[in-house]
Engineer: 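Have a look at the structure that comes next, please.
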Amino acid sequence: TTFFKKKTYSMDVTQENFKENFHLFRTALNQSDFIAIDGEFSGLYNKLKLNPLDEFSERYELLRKNIKQYMLLQVGICCYEAVAPGEYTCSPFNFNIFPYNCEQSKDLNTAFMCDSNTLAFLAENKFDFNKTIYHGVPFVSVTNLKSLIKQSKTIHSSELELISKCVSLQTPDVHSKKPALSPQPDPPSADQSDPELAADTGDFDKLIIMTSFNQIIHLISQYPNPTVFHNGYLDLFHLMNQFYGPLPDKWEDFKSTVHRVFPRIYDTKFLACMDPFKEHIDQSSLSAVHEKLCPKFPINLTFPPKFERYIAGVDYQHEAGYDAMVTGHIFASMLLLGVKLHKFVNEIFLGLQGVFHFSPTKRDARPQRDNVLHFSTKSQQDKISKEEITDLLSPYSGVFNFWFHNNSVFVMLRKSLKKVDLLDLRTSTVHTKYHIMSYEEYYNSKRKISSSESESFPKRNKNSGTKPQNPKFHSKYSVEKKSA
């Protein structure tokens with residue numbers, strides 16, 4: 001009888017091979033020109049009704065409450081090192097992660113929800129749930145880690161200092177400037193960061209082991225080169241919540257925190273919607289952009305030994321490591337077009353009507369919604385009728401879509417409505433049951449109500465912090481080589 005041993009790959013990271021891969025990852029990270037990140041979650045939205053006409057702060061509040069219910073189960077990080085024009089060494093890591101089971105402190109264990117549709121989707125794409133649960137690289141939230149340290153009776157101050165060098169114990173201060181990073185940051189030495197080289201007994205050993213993936217996040221938070229996502233807002237929400245959480249109450253504070261952890265973000269979905277890339281792409285999904293763009297602007301990828309898993313002709317879509325590799329491949333192909341990408345840094349796709357992206361470093365843009373009207377009934381007893389509104393608007397550009405909100409509705413017209421037409425519409429409907437506002441009027445009225453409600457609260461000092469600086473984009477061949 002012949003027995004075949006199943007081939008294993010360093011890139012597929014579990015708690016059993018974390019020590020080996022930690023050193024491989026740190027080396028690949030320090031040598032890379034950019035990294036790409038992708039995540040797989042236990043769920044996306046829990047019966048969440050997202051309105052494309054939400055303001056940024058409204059969308060954030062909805063997502064903030066929803067995101068904290070779910071869990072990142074897999075994180076893909078792919079390191080790209082440019083070795084020649086159009087040639088890269090590609091090192092993809094697929095981290096299977098799962099929260100540490102703290103038997104001594106049951107109240108510190110992590111509870112999270114799963115969405116049946118998401119789990120079914122992952123199962124269809126051959127996601128190994130047993131591997132994640134039984135062999136996932138452990139991590140703890142910053143909040144739980146602080147609690148464990150406080151409860152510890154055997155950990156010494158020197159050991160606490162050692163942990164702080166390996167793990168981010170503090171959520172980045174949203175009101176302070178991010179310290180300057182050297183082009184090639186010095187990671188902790190092997191004896192300071194290796195879980196298996198920790199003390200043999202006591203709480204220190206447990207803390208080092210349970211924070212294994214936290215150490216990866218800590219290395220990334222010190223990374224000075226670009227970090228690439230595709231449609232990355234959900235990945236950012238989960239990363240911030242899971243490893244720096246809980247998410248801040250305010251949208252602006254969330255943006256500041258993101259910028260301090262990831263100072264230079266590129267979103268390939270946003271880039272795919274911009275010139276000159278959109279000329280070559282008819283859809284902006286990850287697979288569609290990869291299939292359309294990369295063959296037109298081919299690059300040569302070289303995989304180090306033991307990292308060849310994704311070139312075997314097998315479809316690994318929706319495995320986080322594979323999707324991270326594809327995201328980086330797209331970004332590398334985009335660099336071949338010679339576009340100065342630094343003007344697109346920190347622009348992240350969000351998909352709101354009239355404004356489809358946001359920036360952690362800029363004020364939110366006001367959406368252009370001249371073709372949107374807000375209808376409400378003058379009496380609460382009256383009901384809104386789509387047929388009636390469609391008839392009322394038929395002399396104008398006609399209705400494109402409806403979004404109901406409480407006892408009102410947003411109506412999108414096929415064309416923008418001029419002010420004179422709005423006046424005419426109001427005159428013709430003065431005796432109807434509807435009160436009609438332009439979107440701008442609705443937004444301003446809502447702002448006035450919000451301002452009047454907050455007058456009793458003290459205002460924040462405008463000089464309370466320094467705006468984070470946005471470093472320039474460096475790349476070996478497309479723009480400028482990073483410092484040695």
Engineer: Is there a side-chain contact between Ile37 and Phe262 (heavy atoms, below 4.5 Å)?
Structural biologist: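 In contact.
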
Engineer: Tell me which pairs pass side-chain hydrogen bond (donor to acceptor under 3.5 Å, both in side chains) where either residue lies in residues 228-241, with sequence neighbours left out.
Structural biologist: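 Those involving residues 228-241 are Tyr45-Tyr233, His230-Thr268.
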
Engineer: Nearest heavy-atom pair of Ala272 and Val289: which atoms, and what distance?
Structural biologist: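 So the minimum-distance heavy-atom pair works out to CB-CG2, 4.0 Å.
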
Engineer: Does this structure show an ion pair linking Arg309 with Glu319, if we count only N-O contacts that are shorter than 4.0 Å?
Structural biologist: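 Salt bridge between Arg309 and Glu319, a charged N being under 4.0 Å from a carboxylate O: yes.
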
Engineer: What pairs with Thr118 under side chain to side chain donor-acceptor pair (under 3.5 Å), at least two apart in sequence or on another chain?
Structural biologist: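 Per chain and number, Thr118 pairs via side chain to side chain donor-acceptor pair (under 3.5 Å) with Asp115.
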
Engineer: Answer yes or no: is there a side-chain heavy-atom contact under 4.5 Å between Lys362 and Glu347?
Structural biologist: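 Touching, per the 4.5 Å side-chain cut-off.
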
Engineer: Check whether any side-chain heavy atom of Ile299 sits under 4.5 Å from a side-chain heavy atom of Leu336, and report yes or no.
Structural biologist: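 Side-chain contact under 4.5 Å: yes.
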
Engineer: Measure the CZ-CZ distance between Phe229 and Phe270 for me, rounded to the nearest 0.5 Å.
Structural biologist: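 Reported to 0.5 Å precision, the distance equals 15.5 Å.
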
Engineer: Apply salt bridge (Lys or Arg N to Asp or Glu O under 4.0 Å) to the pair Lys65 and Glu61, showing each step before the final yes or no.
Structural biologist: CA-CA 6 Å; Lys65 294 178 179 179; Glu61 183 61 19; 3.5 Å; yes

Engineer: For side-chain contact (heavy atoms from CB on, under 4.5 Å), just list the numbers for Asp323 and Glu40, CA-CA rounded to whole Å, side-chain angles, deciding distance to a tenth of an Å, and then say yes or no.
Structural biologist: CA-CA 10 Å; Asp323 286 353; Glu40 298 297 337; 3.6 Å; yes

Engineer: Does the side chain of Leu73 reach to within under 4.5 Å of the side chain of Ile97, using non-hydrogen atoms?
Structural biologist: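 When only atoms from C-beta onward are counted, Ile97 and Leu73 do not touch, as no gap falls below 4.5 Å.
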
Engineer: Is any side-chain heavy atom of Met240 closer than 4.5 Å to a side-chain heavy atom of Phe254?
Structural biologist: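 A side-chain contact under 4.5 Å exists here.
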
Engineer: For the pair Glu55 and Arg369, find out whether any cationic side-chain nitrogen is under 4.0 Å from an anionic carboxylate oxygen.
Structural biologist: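 Yes, this pair counts.
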
Engineer: Indicate yes or no for a side-chain donor-acceptor contact from Asn125 to the backbone of Phe127 under 3.5 Å, with no hydrogens or angles considered.
Structural biologist: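 Looks like no, no N/O pair under 3.5 Å.
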
Engineer: With rounding to the nearest 0.5 angstrom, report the OH to OH distance, Tyr322 to Tyr310.
Structural biologist: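 So the gap between those two atoms works out to 9.5 Å.
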
Engineer: Ring-plane angle category for Phe237 and Tyr60, please: parallel below 30°, perpendicular beyond 60°, tilted otherwise.
Structural biologist: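 Answer is tilted, since the angle falls between 30° and 60°.
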
Engineer: Taking all heavy atoms of Pro263 and all of Asn346, pick out the closest pair and write down the distance.
Structural biologist: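 Shortest heavy-atom separation between Pro263 and Asn346 comes out as O-ND2, 3.2 Å.
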
Engineer: Can you tell if the side chain of Ser212 reaches within under 4.5 Å of the side chain of Gln15, non-hydrogen atoms only?
Structural biologist: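 A side-chain contact is absent here, since even the closest heavy-atom pair is not under 4.5 Å.
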
Engineer: If you compare all heavy atoms of Phe93 against all heavy atoms of Val13, which two are closest, and at what distance to 0.1 Å?
Structural biologist: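 In this case the closest contact between Phe93 and Val13 is CD2-CG2, 4.2 Å.
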
Engineer: Are the side chain of Ser42 and the backbone N or O of Met71 linked by a donor-acceptor pair below 3.5 Å?
Structural biologist: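 Side chain of Ser42 to backbone of Met71, a donor-acceptor pair under 3.5 Å: yes, one is there.
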
Engineer: Among pairs that include at least one residue of residues 128-140, which meet side-chain hydrogen bond (donor to acceptor under 3.5 Å, both in side chains), considering only residues two or more places apart or in two chains?
Structural biologist: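 Sorted pair list: Asp12-Lys131, Glu16-His135.
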
Engineer: Does any N or O in the side chain of Asn94 come within less than 3.5 Å of the main-chain N or O of Gly76, such that one atom is a donor and the other an acceptor?
Structural biologist: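 A pair under 3.5 Å: no.
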
Engineer: So does Phe297 get a backbone contact from the side chain of Ser333, meaning a donor-acceptor N/O pair under 3.5 Å?
Structural biologist: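 Indeed, once roles are kept as given, a pair shorter than 3.5 Å links the two residues.
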
Engineer: Mind checking the CG-CG spacing from Leu337 to Leu335? Nearest 0.5 Å is all I need.
Structural biologist: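 Interatomic distance, Leu337 CG to Leu335 CG, rounded to 0.5 Å: 9.0 Å.
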
Engineer: Any chance you could measure Lys306, atom NZ, to Leu24, atom CG, to the nearest 0.5 Å?
Structural biologist: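 Here the rounded value is 7.5 Å.
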
Engineer: Which pair of non-hydrogen atoms, one from Val339 and one from Lys343, has the smallest distance, and what is that distance?
Structural biologist: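 Result for this residue pair: CG1-CE, 4.4 Å.
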
Engineer: For the pair Asp267 (side chain) and Phe349 (backbone), establish whether a donor and an acceptor sit closer than 3.5 Å, ignoring hydrogens and angles.
Structural biologist: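 Flag set: sc Asp267 to bb Phe349 pair under 3.5 Å.
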
Engineer: Taking the side chain as C-beta and beyond, is there a heavy-atom pair between Phe121 and His318 under 4.5 Å?
Structural biologist: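 Touching, per the 4.5 Å side-chain cut-off.
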
Engineer: Looking at Phe303 and Cys90, what are the two nearest heavy atoms and their distance?
Structural biologist: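 Between these two residues, the closest heavy atoms are CD2-O, 3.5 Å.
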
Engineer: Could you point out which residue of Phe213, Phe243, Phe18 forms a ring pair (Phe, Tyr, Trp, His ring centres under 6.0 Å) with Phe139?
Structural biologist: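 Answer to the ring pair (Phe, Tyr, Trp, His ring centres under 6.0 Å) test with Phe139 among Phe213, Phe243, Phe18: Phe243.
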
Engineer: Ignoring hydrogens, what is the shortest heavy-atom contact between His218 and Ser221? Give both atom names and the distance.
Structural biologist: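 In terms of heavy atoms, the two residues are closest at O-OG, 2.7 Å.
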
Engineer: Checking Tyr100 side chain against Val137 main chain: does a donor-acceptor pair fall under 3.5 Å?
Structural biologist: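 No, because the side chain of Tyr100 does not come within donor-acceptor range (under 3.5 Å) of the backbone of Val137.
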
Engineer: Are the side chain of Asn66 and the backbone N or O of Leu62 linked by a donor-acceptor pair below 3.5 Å?
Structural biologist: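 A pair under 3.5 Å: no.
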
Engineer: Which is it for Asn225 and Ile35 under the side-chain contact (heavy atoms from CB on, under 4.5 Å) test, yes or no, and what are the steps along the way?
Structural biologist: CA-CA 8 Å; Asn225 292 339; Ile35 61 173; over 6 Å; no

Engineer: Before we go on, tell me: are the rings of His329 and Tyr88 under 6.0 Å apart, centre to centre?
Structural biologist: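 For His329 and Tyr88, the ring centres are not under 6.0 Å apart.
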
Engineer: Tell me, with the steps shown, if Tyr70 and Phe112 meet side-chain contact (heavy atoms from CB on, under 4.5 Å).
Structural biologist: CA-CA 5 Å; Tyr70 297 113; Phe112 62 93; 6.0 Å; no

Engineer: Side chain to side chain donor-acceptor pair (under 3.5 Å) with Ser284: which of Lys278, Lys269, Lys292?
Structural biologist: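 Only one option passes, and that is Lys269.
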
Engineer: Could you walk me through whether Asn96 and Val75 pass the side-chain contact (heavy atoms from CB on, under 4.5 Å) test, one step at a time?
Structural biologist: CA-CA 7 Å; Asn96 302 278; Val75 179; over 6 Å; no

Engineer: Measuring from Ile77:CD1 to Ser32:OG, what's the distance to the nearest 0.5 Å?
Structural biologist: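 The OG atom of Ser32 is 10.5 Å from CD1 of Ile77, to the nearest 0.5 Å.
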
Engineer: Rounded to the nearest 0.5 Å, what separates atom CZ in Phe307 from atom CE in Met11?
Structural biologist: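 One gets 6.5 Å once the value is rounded to the nearest 0.5 Å.
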
Engineer: Side chains of Phe41 and Leu44: does their closest heavy-atom pair fall under 4.5 Å?
Structural biologist: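 Yes, at least one pair of side-chain atoms sits under 4.5 Å.
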
Engineer: Checking Gln74 side chain against Ala320 main chain: does a donor-acceptor pair fall under 3.5 Å?
Structural biologist: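 Checking the backbone N and O of Ala320 against the side chain of Gln74, a donor-acceptor pair under 3.5 Å is found.
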
